[in-house]
Visitor: 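Structure provided below as structure tokens; questions to follow.
Note that ligands are numbered from 1 as they come in the structure, with each ligand's atoms numbered from 1 the same way.
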Amino acid sequence: VIRDAVAADIGEVLTLMHSVAGFWDETWRQDVLERAFDCSGTIALVHQDRDAINGFACAYDLGFRAYLSELVVTLAAQHQGIGASLLSEVERRVADRGCSLIIADVWRNAEAFYRAHGWTPPPVVLLRKRLVGTDG
Ligand SMILES: CC(C)(COP(=O)(O)OP(=O)(O)OC[C@H]1O[C@@H](n2cnc3c(N)ncnc32)[C@H](O)[C@@H]1OP(=O)(O)O)[C@@H](O)C(=O)NCCC(=O)NCCS
């Protein structure tokens, strides 16, 4: 079952994110999930089977467009359609909010998954800049 993520899920979602090799970014703040859940326009969803959370998706309605920031399914639960269900639910909610475009920077090995769900590369370049706060 897919449901909205709540603050009480944070510990389990953190464990899930750490369990998928290469997923956790060491530059993320310790309270990254609290901050992500608190943002205005957040759509944070978990997939739960019995007592265990085995999938997580997080997207944002940014007004001009929506951004899918995270989608992850535990290794043991992959290839059962959970990723597809989470992605469709995110897309449905974003569209229902009136957003006609959703973007994401995705792992290269997940590109086929997104393309299979109708995602295509936009005619733009994705740039990034690493930032350091003034306190170091
Ligand atoms: C990508 C991911 C979310 C897909 O979740 P999932 O629950 O396994 O996906 P589904 O079961 O709905 O769909 C699986 C289908 O999508 C495609 N697919 C899924 N992951 C794929 C991958 N890494 N590469 C290529 N195709 C993939 C395949 O067609 C696959 O079909 P199959 O199950 O018959 O092999 C999951 O593999 C995952 O968490 N990966 C690690 C983290 C990640 O890559 N996140 C997305 C990057 S932003």
Side-chain angles (χ1 to χ4, degrees):
V1 32
I2 291 176
R3 61 167 174 80
D4 287 297
V6 295
D9 297 324
I10 284 175
E12 211 176 332
V13 173
L14 280 173
T15 303
L16 156 57
M17 292 172 106
H18 278 100
S19 78
V20 175
F23 193 83
W24 186 259
D25 181 334
E26 291 305 331
T27 68
W28 286 340
R29 290 175 279 218
Q30 287 309 307
D31 61 350
V32 66
L33 274 173
E34 282 86 347
R35 287 168 174 270
F37 284 19
D38 277 353
C39 286
S40 116
T42 298
I43 297 160
L45 304 172
V46 292
H47 184 278
Q48 183 166 356
D49 275 335
R50 295 187 198 88
D51 287 344
I53 289 174
N54 51 18
F56 172 67
C58 196
Y60 302 88
D61 174 353
L62 300 168
F64 291 102
R65 57 181 68 87
Y67 179 69
L68 173 69
S69 68
E70 308 302 335
L71 174 64
V72 61
V73 174
T74 52
L75 199 55
Q78 287 178 14
H79 304 290
Q80 297 171 26
I82 295 172
S85 305
L86 282 166
L87 188 60
S88 327
E89 182 62 11
V90 163
E91 291 173 3
R92 189 185 67 74
R93 292 195 187 207
V94 163
D96 285 353
R97 294 174 69 111
C99 241
S100 58
L101 180 69
I102 185 164
I103 59 166
D105 50 311
V106 308
W107 284 10
R108 288 189 199 286
N109 66 355
E111 183 182 345
F113 167 81
Y114 285 95
R115 284 186 182 262
H117 291 93
W119 288 57
T120 54
V124 297
V125 175
L126 176 68
L127 299 178
R128 70 176 184 184
K129 182 178 181 182
R130 293 280 184 200
L131 303 173
V132 180
T134 48
D135 62 355

Visitor: Would you mind checking which non-hydrogen protein atom is closest to atom 39 (O) of ligand 1, with the distance to 0.1 Å?
Guide: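 For atom 39 (O) of ligand 1, the nearest protein heavy atom is V73 N, 2.8 Å.
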Visitor: For atom 38 (C) of ligand 1, what is the nearest protein heavy atom, given as residue, atom name and distance?
Guide: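 Answer, as residue, atom name and distance: Q78 NE2, 3.4 Å.
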Visitor: Taking distance alone, with no angle check, do A84 and ligand 1 share an N/O pair under 3.5 Å?
Guide: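 Yes, there is a polar N/O contact under 3.5 Å.
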Visitor: Is there at least one protein heavy-atom neighbour under 4.0 Å from atom 28 (C) of ligand 1?
Guide: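 No, there is none.
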Visitor: Nearest protein heavy-atom contact for atom 5 (O) of ligand 1: which residue, which atom, what distance?
Guide: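 Result for atom 5 (O) of ligand 1: G83 CA, 3.5 Å.
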Visitor: Find all atoms of ligand 1 within a distance of less than 4.0 Å from any non-hydrogen atom belonging to V72, and give their numbers and elements.
Guide: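 Listed by number with element: 39 (O).
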Visitor: Could you identify the single nearest non-hydrogen protein atom to atom 32 (P) of ligand 1 and state the distance to 0.1 Å?
Guide: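 It is H79 ND1, 3.5 Å.
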Visitor: Could you grab the distance from atom SG of C58 to atom CZ of F37, nearest 0.5 Å is fine?
Guide: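 Between atom SG of C58 and atom CZ of F37 there are 6.5 Å.
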Visitor: Please identify which atoms of ligand 1 are closer than 4.0 Å to at least one heavy atom of Q80.
Guide: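 The list of qualifying atoms is 11 (O).
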Visitor: Out of all atoms in ligand 1, which are within 4.0 Å of some heavy atom of V20? Include the element for each.
Guide: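 This gives 41 (C) as the contact atoms.
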Visitor: Atom CG in L87, atom CD in E91: separation rounded to 0.5 Å?
Guide: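 CD of E91 is found 4.0 Å from CG of L87.
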Visitor: For residues 38-47, which side-chain N or O atoms pair as donor and acceptor with protein atoms under 3.5 Å away, sequence neighbours left out?
Guide:
from	atom 1	to	atom 2	distance (Å)
T42	OG1	A36	O	2.8
T42	OG1	C39	O	2.8
H47	ND1	N54	OD1	2.8

Visitor: For the residue pair Y114 and T120, establish whether any side-chain heavy-atom pair is separated by less than 4.5 Å.
Guide: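 Result no, sub-4.5 Å side-chain heavy-atom pair not found.
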Visitor: Say you draw a straight line from CG of L16 to CD1 of I53; how long is it, rounded to the nearest 0.5 Å?
Guide: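 That separation rounds to 8.0 Å.
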Visitor: Name the closest protein heavy atom to atom 24 (N) of ligand 1, giving the residue it belongs to and the distance to 0.1 Å.
Guide: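 Among all protein heavy atoms, the one nearest atom 24 (N) of ligand 1 is N109 O, 2.4 Å.
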Visitor: Please check whether A112 reaches ligand 1 - meaning an N/O of the residue sits under 3.5 Å from an N/O of the ligand, judged on distance alone.
Guide: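 Between A112 and ligand 1 (N or O atoms, distance only) the closest approach is not under 3.5 Å.
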Visitor: Can you tell me how far apart CD (E111) and CH2 (W119) are? Round to the nearest 0.5 Å.
Guide: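 Here the interatomic distance stands at 12.5 Å.
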Visitor: Which of the atoms in ligand 1, numbered in the order shown and given with their element, are less than 4.0 Å from a heavy-atom of A110?
Guide: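 Taking each heavy atom of A110 in turn, ligand 1 has 23 (N), 44 (O), 46 (C) under 4.0 Å.
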Visitor: Heavy-atom count check: over 12 atoms from other residues, nucleotides or ligands less than 6.0 Å from R65 CZ?
Guide: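 No, the 6.0 Å shell around CZ holds no more than 12 heavy atoms from other groups.
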Visitor: Scan the protein's non-hydrogen atoms and note whether one is under 4.0 Å from atom 13 (O) of ligand 1.
Guide: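 Yes; the ligand atom in question has protein heavy-atom contact below 4.0 Å.
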Visitor: Just to verify, which of D61, D105, I102 counts as forming a side-chain contact (heavy atoms from CB on, under 4.5 Å) with Y67?
Guide: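 Single pass found, and it is D105.
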Visitor: How many angstroms lie between atom CZ of F113 and atom CD of Q78, to the nearest 0.5 angstrom?
Guide: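 These two atoms lie 9.5 Å from each other.
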Visitor: Which residue and atom name correspond to the protein heavy atom nearest atom 20 (N) of ligand 1, and how close is it?
Guide: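 Checked against all protein heavy atoms, atom 20 (N) of ligand 1 sits closest to F113 CB, 4.0 Å.
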Visitor: Could you check whether R92 pairs with E89 (Lys NZ or Arg NE/NH1/NH2 to Asp/Glu carboxylate O, under 4.0 Å)?
Guide: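 Yes.
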Visitor: Would you call G81 a ligand 1 contact, heavy-atom distance under 4.0 Å?
Guide: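 Under 4.0 Å: yes for G81.
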Visitor: Check E111 against ligand 1 and report side chain, backbone, both or neither, counting heavy atoms closer than 4.0 Å.
Guide: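 It is neither; nothing of E111 touches ligand 1.
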Visitor: Tell me which protein heavy atom sits closest to atom 48 (S) of ligand 1, plus the residue, atom name and distance to 0.1 Å.
Guide: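 Among all protein heavy atoms, the one nearest atom 48 (S) of ligand 1 is Y114 OH, 3.7 Å.
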Visitor: Tell me whether I82 is reachable from M17 by hopping between hydrophobic residues (I, L, V, M, F, W, Y) whose side-chain heavy atoms are closer than 4.5 Å.
Guide: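 Result: no, two separate clusters.
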Visitor: Where's the contact between L71 and ligand 1, heavy-atom distance under 4.0 Å: side chain, backbone, both or neither?
Guide: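 The answer is both, backbone and side chain.
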Visitor: If you have a sec, work out which protein heavy atom is nearest atom 44 (O) of ligand 1 and how many Å separate them, to one decimal?
Guide: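 Its nearest protein heavy-atom neighbour is W107 CE3, 3.2 Å.
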Visitor: Return a yes/no value: protein heavy atom under 4.0 Å from atom 2 (C) of ligand 1?
Guide: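 Answer no: nothing from the protein, no heavy atom, is under 4.0 Å.
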Visitor: Just how far is it from atom CD of Q80 to atom CG of D49, taken to the nearest 0.5 Å?
Guide: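 Answer for the CD-CG pair, Q80 versus D49, is 7.5 Å.
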